[in-house]
Amino acid sequence: MATNPNTTLYINNLNDKVNKEELKSQLFALFMTYGRVIDVVAQKGTKMRGQAFLVFSDLAEATSAMRACEGMLFYDKPLRIHYAKTKSHAALRREDPDFVPPNKAFPQSSSSHVNGTEKRSREDDDMVGGRTAKREKAEDDDEEMEMDEDDEGEGSKKAASATTAQDRPSARLLCTNLPQEVTDDVLGVLFQQYKGFASTQVAPNATGTKTGYAFFDSPELASVAKEALDGFTLKKGWKMGVSYT
DNA sequence: AGCACA
């Protein structure tokens, strides 16, 4: 047998020509149909290319997503999906808010004198003072080397993209340019005042500016909310974009 | 093929 059930799916055989951010958002857009996606992890480095981890909030969702999407063409390549071998940090953090990911720099010293007197102050390990002039040691792999934008290569081969805005009304609205701190609920408060509102989901993991979705019972009802909230200012310089998908 | 999360 393969791996045992996990709320995280391990996906491989991904087309490694698509840049990481697009890949993650497209995976999110695809898999959110099957449940609540709480994290998407993908890396570019040699060892991890062509693979991604998709964390669902519960096992039933992950399982149905796997069944439904196995073999599906995604950027011209069939998805290969399995349960991940281990639990994702996002999942662990979810079942225990006190969960702290093991630090690579200090790998669990086995000779740890674990006495109860150890102080567990929360403020202790804060990164105070920032890392100003300190250069991060260059990774030995090409992790930080994101030389994308080499698309445009062959003819306009529009792959399985889904996040492209449509001009036809749809029951699912795409919300762009969301500030970092916006969550499902914050976005929900905004949309729920309109008739036919169903739910919202904000993409996990985004740094800088986030993306989310708002679901309505019909495209017609969604269009009312879209007209009202497109260009809405969530925060000082942040005008949200709302479009059909 | 390859199972990570800073």
Side-chain angles (χ1 to χ4, degrees), chain A residues 1-28 30-32 35-59 61-63 65-67 69-109 120 122-146 180 183 202-208 210-211:
Chain A
M1 281 306 291
T3 33
N4 29 15
N6 193 318
T7 59
T8 299
L9 299 178
Y10 171 72
I11 306 174
N12 64 0
N13 196 44
L14 291 165
N15 188 331
D16 51 3
K17 302 185 67 175
V18 312
N19 46 294
K20 189 174 60 172
E21 288 313 315
E22 174 174 351
L23 183 76
K24 288 201 291 191
S25 42
Q26 292 302 136
L27 284 171
F28 173 71
L30 171 61
F31 281 94
M32 71 186 307
R36 175 151 300 239
V37 177
I38 60 180
D39 203 5
V40 182
V41 177
Q43 299 187 171
K44 275 215 84 177
T46 41
K47 187 184 172 194
M48 285 298 128
R49 73 176 46 148
Q51 300 150 81
F53 297 86
L54 226 121
V55 190
F56 280 94
S57 71
D58 72 63
L59 184 57
E61 296 171 347
T63 303
M66 181 170 66
R67 301 256 158 86
C69 297
E70 168 63 31
M72 172 183 295
L73 283 182
F74 188 76
Y75 291 103
D76 299 326
K77 300 190 68 183
L79 294 175
R80 288 288 110 88
I81 311 176
H82 302 271
Y83 292 118
K85 278 179 183 162
T86 62
K87 286 195 163 193
S88 294
H89 291 353
L92 292 169
R93 194 168 353 243
R94 198 164 181 277
E95 50 194 53
D96 172 20
D98 291 335
F99 167 77
V100 47
N103 195 344
K104 222 186 210 169
F106 307 103
Q108 286 293 14
S109 86
R120 214 65 184 99
R122 292 202 167 83
E123 268 72 26
D124 282 353
D125 42 340
D126 270 0
M127 41 168 93
V128 187
R131 49 191 73 182
T132 40
K134 185 172 185 186
R135 273 280 205 85
E136 286 287 343
K137 182 161 133 335
E139 298 288 332
D140 37 8
D141 50 2
D142 44 343
E143 194 65 58
E144 307 282 330
M145 291 280 296
E146 301 262 356
Q180 187 65 59
T183 62
V202 172
N205 231 4
T207 61
K210 287 191 177 184
T211 289

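None of the values given here were measured: they were computed from a predicted structure. Values below: every heavy atom of this structure, side chains too, minus hydrogens, waters and symmetry copies. Order of the sequence lines sets the chain letters (A, B, ...), proteins ahead of strands, with each chain counted from 1.
Distances were taken from every side-chain heavy atom of N12(A) (C-beta onward) to each of dC3(B), dA4(B), dG2(B); the shortest belongs to dG2(B). Side-chain proximity of H89(A) to the nucleotides dC5(B), dG2(B), dC3(B) is greatest for dC5(B).
Considering only residues two or more places apart in sequence or on other chains, Q180(A) meets the side chain to side chain contact (heavy atoms under 4.5 Å, CB included) condition with K210(A). Residues satisfying the side-chain hydrogen bond (donor to acceptor under 3.5 Å, both in side chains) criterion with K87(A), sequence neighbours excluded, are E95(A).
Residue N6(A) contributes atom CG, which lies 16 Å from atom P of dC5(B) at whole-angstrom precision.
The two residues L9(A) and Y83(A) come nearest to each other via the heavy atoms CD2-CD2, 3.9 Å.
Side-chain to base pairing of S88(A) with dA4(B): one donor and one acceptor N or O lie within less than 3.5 Å of each other.
Here Q43(A) reaches the OP1 or OP2 of dC5(B): one of its side-chain N or O atoms lies under 4.0 Å away. Put simply, K47(A) has no side-chain N or O that comes within less than 4.0 Å of OP1 or OP2 on dC3(B).
Among the atoms of the strands shown, base atoms are found under 4.0 Å from some heavy atom of Y83(A). Using a 4.0 Å heavy-atom criterion, one finds that N13(A) contacts the bases of the nucleic acid, with or without backbone contacts as well.
The ring of Y10(A) has its center closer than 6.0 angstrom to the ring center of F53(A).
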